[in-house]
Every structure is written in structure tokens, then in C-alpha cells.
Amino acid sequence: MKNHKKNTKKPIRNFFEDVYEVVRLVPKGRVTTYGAVARYLGTAMSARMVGWAMNGAHSEKNIPAHRVVNSQGLLTGKHHFRTPIAMQKALEKEGTKVSHDKVVEFQKLFWDPAAELL
DNA sequence: GACATGACGGCAG
DNA sequence: CCTGCCGCCATGT
């Protein structure tokens, strides 16, 4: 029999789900990074996948993707929002200061799931 | 099936 | 300080 079912045992769904959950748990006024989330999920070296997961986050409007920035605290993904300023606006609205597409005192507002949820 | 791309990160030069 | 390269996984062509 042609079982070319390809074993769709890919727990990717789990990966995405985890990303959504973690991002959703990010406290208001705080920010996290792709690398931190990736590390928490076990894909430390594949921070890219986290960003990819955010792509699906658009379906889940409950995902505060604006609280997720890169390791430099830069709003690299702002171009994927409804408008390139939506991300900054959302952050400022929550009390997070943003200057030149970068989170002010990002290190201080940094929220590491691997450490906070430990 | 192979190649190229992508919301990243870290290291080397 | 800046530029370039690799790694990692999934998706699209």
C-alpha cells in the first residue's frame, strides 16, 4: 500500500503554539527577543524560526508581536505590521519608549522567559 | 528534489 | 565601529 503519508509528525504546531504562549505572557511594558524565545523553546540557534512563527501570529491577533524585538532591541519586524509605525505606537502606548526604531533601555525592559518562567 | 529566502544571533576580520 | 559569514529550520518557487 502506498503509505506515502509522509509521517506528518512534525510538532511544529507545538513550536508555534509555544511561541504564541510565551509572547502572550510578556508583561505589558516589557519586551523580549527572538533569541530568548527560541532558546526557551530549545531552538536557540534558530531564532529565525521564532520570527517565522510570528508570521502566523497575524492570524492570532492576541499575540503582542510588538513586544518581540531582536537582540539589539530594534523593531526589526515593524514592517510586518499593519503599518511600519504600528509596532512603535503600540510599544509607546504601553509605556515602552522607542527611539529610532529601538527600545530605550531595552536591556532593562528585557523579559527573558527562560529566566522569568524558570 | 534543489535552490533561495527569511520578523535572527553570534563570531571573526 | 562596521562588514561579512555561517548556522538553523521551514516555506516558496
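Only a predicted model underlies this, so the values are computations on that prediction, with no experimental measurement involved. Each chain gets a letter, A, B and so on, in the order its sequence line appears, and its residues count up from 1.
A/K78 has its NZ atom 17 Å from the P atom of B/dG6, to the nearest Å. Rounded to an integer number of Å, the gap from A/R67 CZ to B/dA7 P is 22 Å. A straight line from CG of A/L91 to P of B/dA7 spans 18 Å, rounded to a whole angstrom. Separating the CZ atom of A/F81 from the P atom of B/dA7 is a distance of 13 Å, rounded to the nearest angstrom. The separation between A/F16 atom CZ and B/dA7 atom C1' is 12 Å, rounded to whole Å. Atom P of nucleotide B/dG9 and atom OH of A/Y40 are separated by 19 Å, given to the nearest angstrom. The distance between atom CG of A/D101 and atom C1' of B/dA7, rounded to the nearest whole Å, is 13 Å. In this structure, CZ of A/R39 is placed 17 Å from P of C/dC8, rounded to the nearest angstrom.
With sequence neighbours excluded, no residue forms a side-chain hydrogen bond (donor to acceptor under 3.5 Å, both in side chains) with A/K28. Considering only residues two or more places apart in sequence or on other chains, A/E105 meets the side chain to side chain contact (heavy atoms under 4.5 Å, CB included) condition with A/K108. Applying the side chain to side chain contact (heavy atoms under 4.5 Å, CB included) test to A/P84 and every residue at least two apart in sequence or in another chain returns A/H79. Residues passing the side-chain hydrogen bond (donor to acceptor under 3.5 Å, both in side chains) test with A/N55, sequence neighbours excluded: none. Among residues two or more places apart in sequence or in another chain, the side-chain hydrogen bond (donor to acceptor under 3.5 Å, both in side chains) test is passed with A/E60 by none. The ring pair (Phe, Tyr, Trp, His ring centres under 6.0 Å) search around A/F110 returns A/F106, not counting sequence neighbours. For A/T83, the side chain to side chain contact (heavy atoms under 4.5 Å, CB included) partners two or more places apart in sequence, or in a different chain, are A/I85, A/A86. Residues passing the salt bridge (charged side-chain N to carboxylate O under 4.0 Å, His left out) test with A/E94, sequence neighbours excluded: A/R67.
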Where do N or O atoms of nucleotides 11-13 of chain B meet protein N or O atoms at under 3.5 Å, pair by pair?
none

Quick test: give all pairs of protein nitrogen or oxygen and nucleotides 1-3 of chain B nitrogen or oxygen below 3.5 Å, distance rounded to 0.1 Å.
none

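Side-chain N/O atoms of A/S71 include one lying less than 4.0 angstrom from OP1 or OP2 on B/dG9.
Each of A/V104 and A/L75 belongs to its own hydrophobic cluster when Ile, Leu, Val, Met, Phe, Trp and Tyr are linked at side-chain heavy-atom distances under 4.5 angstrom.
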Under 3.5 Å donor-acceptor pairs involving side-chain atoms of residues 38-45 of chain A, not counting sequence neighbours:
unit_1 : atom_1 : unit_2 : atom_2 : d
A/T43  : OG1    : A/A38  : O      : 3.1

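Taking atom P in both B/dA7 and C/dC2, one finds a spacing of 22 Å when rounded to whole Å.
Residues from residues 49-66 of chain A with heavy atoms under 4.0 angstrom of DNA chain C, sorted by number: A/M49, A/W52.
With hydrogens and angles disregarded, a donor-acceptor distance shorter than 3.5 Å links the side chain of A/Y20 to the backbone of A/A53.
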